[in-house]
Structures are given as structure tokens and as C-alpha cells.
Chemist: 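A single structure is presented below for examination.
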Amino acid sequence: MSADLDCRTCGACCVNLPSNRAQGFGYWVEISGDDKILGRRDLVKKHVVYDPSGVPHLKLAHDGQCLGLRGEVGREVTCGIYHSRPTPCRRVEPGDDHCLRSRAAHGLAV
Ligand code: SF4
Ligand code: SF4
């Protein structure tokens with residue numbers, strides 16, 4: 001089934017799950033110290049937020065969506081910082097557990 005999943009018409013994993021937000025988890029994708037986004041001052045200013053422990057994460061809009069995401073989830077999306085996206089964004093694979101949970105949370109077919 002994963003071969004049928006097209007990230008360009010999805011974007012579900014680029015949104016903090018509503019269940020996380022309901023539990024008060026307001027941060028989403030964690031950025032590693034060696035992720036190159038941290039070397040781009042312009043991107044840090046626009047896309048990075050630090051949690052109370054000082055760990056960097058991708059900044060989210062009020063609806064939980066990554067600020068890097070362009071388009072509409074479940075229809076047509078692109079990553080506006082694709083070449084500088086952090087490690088967790090590179091690891092998620094269409095059809096893996098995280099993908100399927102994210103899609104299900106957005107009512108998308110799995
Ligand atoms: S949830 Fe899965 S199909 Fe959707 S963008 Fe993420 S990896 Fe791609
Ligand atoms: S940086 Fe790109 S791939 Fe990563 S969560 Fe944001 S929009 Fe999605």
C-alpha cells in the first residue's frame with residue numbers, strides 16, 4: 001500500500017497530531033545539532049523555536065502545521081524548506097507507522 005501513498009498530496013506528518021496538542025505537547029519535529037537548518041540564520045529566525053530545555057524544533061502555526069509546509073494537507077503540498085529539512089523529516093517513509101498514524105489522524109486513507 002505504501003507505494004500508493006504520495007507525499008505531494010498528503011503532508012499529514014507535517015502537522016502536530018491533534019491528540020498531541022490535546023495532551024499539551026506543543027512541539028513537533030525535533031532538530032538535531034548537526035542539521036543544516038541550524039546553520040542558516042534566515043531559516044532559524046523563521047522556522048526554529050526552542051523548547052524550555054533549549055532543544056530546537058520546527059516552528060508551528062496555530063493549527064499545528066509546520067510553517068515550512070505549503071499548500072493544503074490532503075490535497076497538494078510541498079515543503080518550502082525541503083533541502084534544509086531536519087533529520088526526522090528525512091526519516092519518515094510513506095507507509096511506516098508514523099506516516100500511517102498521521103494520515104489516519106487527518107482522515108486520509110491508509
Ligand atoms: S504522512 Fe506519509 S504519505 Fe503523508 S507526507 Fe508524511 S510520509 Fe508522506
Ligand atoms: S520541514 Fe518540510 S518535511 Fe519537515 S515537517 Fe516541515 S513541511 Fe514537513
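Worth saying up front: this structure is predicted, and the values here are computed from it rather than measured.
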Chemist: Please name the pair of heavy atoms, one in Tyr27 and one in Asn16, separated by the smallest distance, quoted to 0.1 Å.
Modeler: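 The pair with the smallest heavy-atom distance is O-ND2, 3.8 Å.
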Chemist: Return the minimal non-hydrogen interatomic distance between Leu5 and Ala109, and the atom names on each side.
Modeler: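 The answer is CD2-O, 4.1 Å.
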Chemist: Do Lys59 and Val48 come close enough that some side-chain heavy atom pair is under 4.5 Å?
Modeler: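 The answer is no, as the side chains (C-beta and beyond) never meet within the 4.5 Å cut-off.
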Chemist: Heavy atoms only: give me the nearest Gly74-Leu108 pair and the separation to one decimal.
Modeler: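 In terms of heavy atoms, the two residues are closest at CA-CD2, 3.9 Å.
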Chemist: I need the minimum non-hydrogen distance between Val110 and Arg103, along with the two atoms involved.
Modeler: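 In this case the closest contact between Val110 and Arg103 is CG1-CB, 3.8 Å.
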Chemist: Do Cys7 and Pro94 come close enough that some side-chain heavy atom pair is under 4.5 Å?
Modeler: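 Yes, close enough: below the 4.5 Å cut-off.
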Chemist: Can you tell me if CG on Asp97 sees more than 12 non-hydrogen neighbours from other groups inside 6.0 Å?
Modeler: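 No, CG of Asp97 has 12 or fewer neighbouring heavy atoms, counting only those of other groups under 6.0 Å.
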Chemist: Starting at CZ of Arg8, measure out to CD of Glu76 and round the result to the nearest 0.5 Å.
Modeler: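 One gets 9.5 Å once the value is rounded to the nearest 0.5 Å.
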Chemist: Are Leu60 and Ile37 connected into the same hydrophobic cluster when the rule is that any two of I, L, V, M, F, W, Y join if their side-chain heavy atoms are below 4.5 Å apart?
Modeler: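 Linked within one cluster.
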Chemist: Just so I know, are the side chains of Leu58 and Leu67 near enough to count as touching, which here means a heavy-atom distance under 4.5 Å?
Modeler: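 SC-SC contact between Leu58 and Leu67 ruled out.
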Chemist: Can you get from Val55 to Ile31 by hopping between Ile, Leu, Val, Met, Phe, Trp and Tyr side chains that sit under 4.5 Å apart?
Modeler: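 No; Ile31 is not reachable from Val55 via cluster members.
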Chemist: Please name the pair of heavy atoms, one in Arg85 and one in Arg90, separated by the smallest distance, quoted to 0.1 Å.
Modeler: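 Shortest heavy-atom separation between Arg85 and Arg90 comes out as O-NE, 2.8 Å.
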Chemist: Taking side chain as C-beta onward, heavy atoms only, is His47 less than 4.5 Å from Ile81?
Modeler: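 Answer yes - side chains close enough.
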Chemist: Got Ser102 and Leu17 here, is their nearest side-chain heavy-atom distance under 4.5 Å?
Modeler: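 Side chain of Ser102 against side chain of Leu17, heavy atoms only: contact under 4.5 Å found.
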Chemist: Of all heavy-atom pairs between Gly11 and Leu69, which one has the smallest distance, and what is that distance?
Modeler: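 Smallest heavy-atom distance, with atoms named: O-CD2, 4.0 Å.
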